[in-house]
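Just below is one structure, and these are the notes that go with it.
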Amino acid sequence: MRLKVGFILRSLLVVGTFLGLVVLWSSLSPKPNDGNPFGKRDDSSLPKGDAADQFKPVVPWPHVEGVEVDLNSIRLKHGVADNPKNPDQQPNQNQVIQQQYVTFKPHTHAYSSPILKKGILGNFEPKEPEPQGVPGGPGEGAKPFVLGPEYKDSVQASIKEFGFNMVASDMISLDRTISDIRHEECKFWHYDDRLLTSSVIIVFHNEGWSTLMRTIHSVIKRTPRRYLAEIVMIDDFSNKAQYSADCRQLSKHLCSSAYLTTQLLRHVGVAVCSKVLIYLDAHCEVGVNWYAPLVAPISKDRTVCTVPLIDYIDGNEYSVEPQQGGDEDGLARGAWDWSLLWKRVPLSQREKSKRKHTTEPYRSPAMAGGLFAIEREYFFELGLYDPGLQIWGGENFEISYKIWQCGGQLLFVPCSRVGHIYRLQGWQGNPPPAHVGSSPTLKNYVRVVEVWWDEYKDYFYASRPETLTLAYGDISELKRFREEHRCKSFKWFMEEIAYDIPLHYPLPPKNVEWGEDLHRFTHVPTGKCLDRSDLLHKVFISDCDTSKTTQKWEMNNIVAV
């Protein structure tokens, strides 16, 4: 009998503990009718005091609940060696690129396609207006927030350090509302409510704190709770003194000792707990109903990578407006010129003819790189980014070519809009580590064209002849990846996907020579000679004169190092 009584008491204790935890969790969780999951704050619209003190936030930074994860423990758990002691040593390609699959795995669940029901509000649309962060406060509704001349010095100092007007940002509510600049048609799309859940990954390096926190707040505030599995913050080797204190207030972050590389992405991949990875820059604000349109195509086809329309947030006044360079509806495709500079070209008639509705997702040859969504396992099957890419530059093209040429699709999604702050002139930038050396971006470009462009790489070298002698490292594993996945040629890609780029950026002629010529370089049609003005720093043609030293040239090869 005593045994039965003890068993009953223990059972009651377990059940009581469980019910207590449920009650505690429900009390801490925001309710569905909570307009602001962070609670209301009594912000003053403008701080008082000397303008030189305006780097201080208007209100204390909020504490975001989460779990701190140590990447070193993840490395050890999964048998991955820690960072090499020699910073010049490149990671072993065989260790970095995981096991490849000749055939990508199919989806195991069937999802219905989005349906446009004109006049009937979409099932993911908010049913009532979003509450303001601070009613009538600075920057609400994405209205321009202009500071007076007394803030000039502190504003310039913040732009120099962070690239944005952090004085204004620190005065704007982290939960501010933004303008809804979507096409009206976007409000009437209905999506399958069984969409995949996502982990939102934000990598930051010496980021302005309020712009970073506003990114996080916007994601939590405008993402349906059931689909947001987690927000993973990666402190990517920030070294500002203030960061150690600020980061302790943001407990949900991963601490890394390296720049964003395939190794780092691999560790993040084993740490997340959802099917879809959404990467966002650290200075963004997601728009109204941004999630469902972005993830719906991936739920339908796992080999699709989606990109939101990226709007322009003014880094000085924090107003929001659409990017320029699109068609009459503001729609553009990601492109490049032949020196691999990022470009945008208007949506072509050929792409428009593939769609029934203006706001359907459409194909793009390339993406900007900082904002995209992709199925986690598919990203790993693609081999993630090329591990030989350093710091920044070219990774957006590399993943775009890999997706298209190896059987996937890259789609821009007009109804998913994310505002992005662009750095202002006067920013000093984030210098790369000493071990990286010079020209990391150019070396990245060379790796990309050597792996993916086939014979088209000659057009890159015609535009960037100084890169011909750059050492770009071992690409044999990447070449093998293309072969094993039976990836298509760049010629196919240019003819079927990127067909409109040469219309906007014609293929350049090949250079016969590059540099400067010691001898006289006579202009045949006119019989005149190449001349220069050392005073005006100009090159022109003039009557030939053997006594003029400005008409003598020496040809030397010019290379990047």
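As the structure is a computational prediction, the values presented were derived from the model and not from experiment. Hydrogens, waters and symmetry mates are skipped; everything else that's a heavy atom, side chains included, is used.
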Calculate, to the nearest 0.5 Å, the distance between atoms [atom1] and [atom2] belonging to [X] and [Y] respectively.
{"X": "Ile403", "Y": "Ile374", "atom1": "CD1", "atom2": "CD1", "answer": "4.5 Å"}
{"X": "Ile298", "Y": "Thr303", "atom1": "CD1", "atom2": "OG1", "answer": "10.0 Å"}
{"X": "Ser364", "Y": "Arg344", "atom1": "OG", "atom2": "CZ", "answer": "9.5 Å"}

For a quick test of reading the model, state the closest non-hydrogen atom pair linking [X] to [Y] and the distance between them.
{"X": "Trp290", "Y": "Val200", "value": "CH2-CG2, 4.4 Å"}
{"X": "Tyr445", "Y": "Gly394", "value": "CE2-N, 3.6 Å"}
{"X": "Gly163", "Y": "Trp427", "value": "N-CD1, 3.1 Å"}

Legend entry - Partner of Glu125 under salt bridge (Lys or Arg N to Asp or Glu O under 4.0 Å), chosen from Arg182, Lys117, Arg222: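 The single option meeting the salt bridge (Lys or Arg N to Asp or Glu O under 4.0 Å) with Glu125 is Arg182.
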
Is a side-chain N or O of [X] found less than 3.5 angstrom from the main chain of [Y], in a donor-acceptor match?
{"X": "Tyr362", "Y": "Ala332", "answer": "yes"}
{"X": "Ser274", "Y": "Val276", "answer": "yes"}
{"X": "Asp281", "Y": "Cys284", "answer": "no"}
{"X": "Thr215", "Y": "Glu285", "answer": "no"}
{"X": "Ser198", "Y": "Leu277", "answer": "no"}
{"X": "Asn444", "Y": "Trp392", "answer": "yes"}
{"X": "Asp192", "Y": "Ser112", "answer": "yes"}
{"X": "Glu185", "Y": "Thr359", "answer": "yes"}
{"X": "Gln409", "Y": "Cys305", "answer": "no"}
{"X": "Ser400", "Y": "Ala366", "answer": "no"}

Legend entry - Counterpart residues, salt bridge (Lys or Arg N to Asp or Glu O under 4.0 Å), relative to Arg355 (two or more places apart):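 Expected list: none.
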
Legend entry - Residues Lys187 and Glu184 bridged, charged N to O under 4.0 Å: yes

Legend entry - Carboxylate-amine/guanidinium contact Lys488 Glu496, below 4.0 Å: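 Between Glu496 and Lys488 there is no salt bridge, as every charged N stays at least 4.0 Å from the carboxylate O atoms.
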
Legend entry - Trace of the salt bridge (charged side-chain N to carboxylate O under 4.0 Å, His left out) decision for Lys221 with Glu130: CA-CA 9 Å; Lys221 189 176 185 180; Glu130 180 181 293; 3.5 Å; yes

Legend entry - Cation-pi check, Arg376 onto Phe380 ring (under 6.0 Å, within 45° of axis):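 Pair Arg376/Phe380 counts as cation-pi.
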
Inset, instruction - Measure from NZ or CZ of Lys402 to the centre of the six-membered ring of Tyr385, then state whether that distance is under 6.0 Å and the direction lies within 45° of the axis. - result: no

Legend entry - Side-chain H-bond candidate by donor/acceptor type, Ser199 with Glu230, under 3.5 Å: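 Distance-only check passes for Ser199 and Glu230.
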
Does the plane of the ring in [X] sit parallel, tilted or perpendicular to the ring in [Y]? Use 30° and 60° as the thresholds.
{"X": "His420", "Y": "Tyr422", "answer": "perpendicular"}
{"X": "Tyr279", "Y": "Phe379", "answer": "perpendicular"}
{"X": "Trp189", "Y": "His357", "answer": "perpendicular"}

Inset, instruction - Take Arg176 and Glu140, measure what salt bridge (charged side-chain N to carboxylate O under 4.0 Å, His left out) needs, and give me the verdict at the end. - result: CA-CA 5 Å; Arg176 75 161 180 170; Glu140 288 294 341; over 6 Å; no

Give a yes or no on whether [X] atom [atom1] has more than 12 heavy-atom contacts from other residues, nucleotides or ligands under 6.0 Å away.
{"X": "Gln324", "atom1": "CD", "result": "no"}
{"X": "Gln425", "atom1": "CD", "result": "no"}
{"X": "Lys343", "atom1": "NZ", "result": "yes"}

Inset, instruction - Start with the C-alpha distance between Ile278 and Val219, add both sets of side-chain angles, then the distance that settles side chain to side chain contact (heavy atoms under 4.5 Å, CB included), and finish with yes or no. - result: CA-CA 11 Å; Ile278 299 179; Val219 170; over 6 Å; no

Legend entry - Phe124-Tyr227 aromatic ring centre distance below 6.0 Å: yes

Inset, instruction - Please lay out, stage by stage, how Ser416 and Tyr291 fare under the test side chain to side chain donor-acceptor pair (under 3.5 Å). - result: CA-CA 7 Å; Ser416 178; Tyr291 183 84; over 6 Å; no

Legend entry - Residue pair Lys356, Glu360: steps toward the salt bridge (charged side-chain N to carboxylate O under 4.0 Å, His left out) verdict: CA-CA 8 Å; Lys356 294 181 181 179; Glu360 287 185 62; over 6 Å; no

Inset, instruction - I would like to know whether Trp209 and Ser169 meet side chain to side chain donor-acceptor pair (under 3.5 Å); could you show each step before the answer? - result: CA-CA 9 Å; Trp209 198 248; Ser169 177; over 6 Å; no

Legend entry - Residue that, paired with Asp327, satisfies side-chain hydrogen bond (donor to acceptor under 3.5 Å, both in side chains) out of Gln349, Lys352, Arg333: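 Result: among Gln349, Lys352, Arg333, Lys352 is the only option passing the side-chain hydrogen bond (donor to acceptor under 3.5 Å, both in side chains) with Asp327.
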
Inset, instruction - Kindly indicate, with the supporting measurements, whether the criterion side chain to side chain donor-acceptor pair (under 3.5 Å) is fulfilled by Tyr151 and Gln156. - result: CA-CA 9 Å; Tyr151 295 97; Gln156 289 181 342; over 6 Å; no

Inset, instruction - Dump the intermediate steps for side chain to side chain donor-acceptor pair (under 3.5 Å) on Tyr499 and Ser348, then the final yes or no. - result: CA-CA 10 Å; Tyr499 53 84; Ser348 67; 2.8 Å; yes

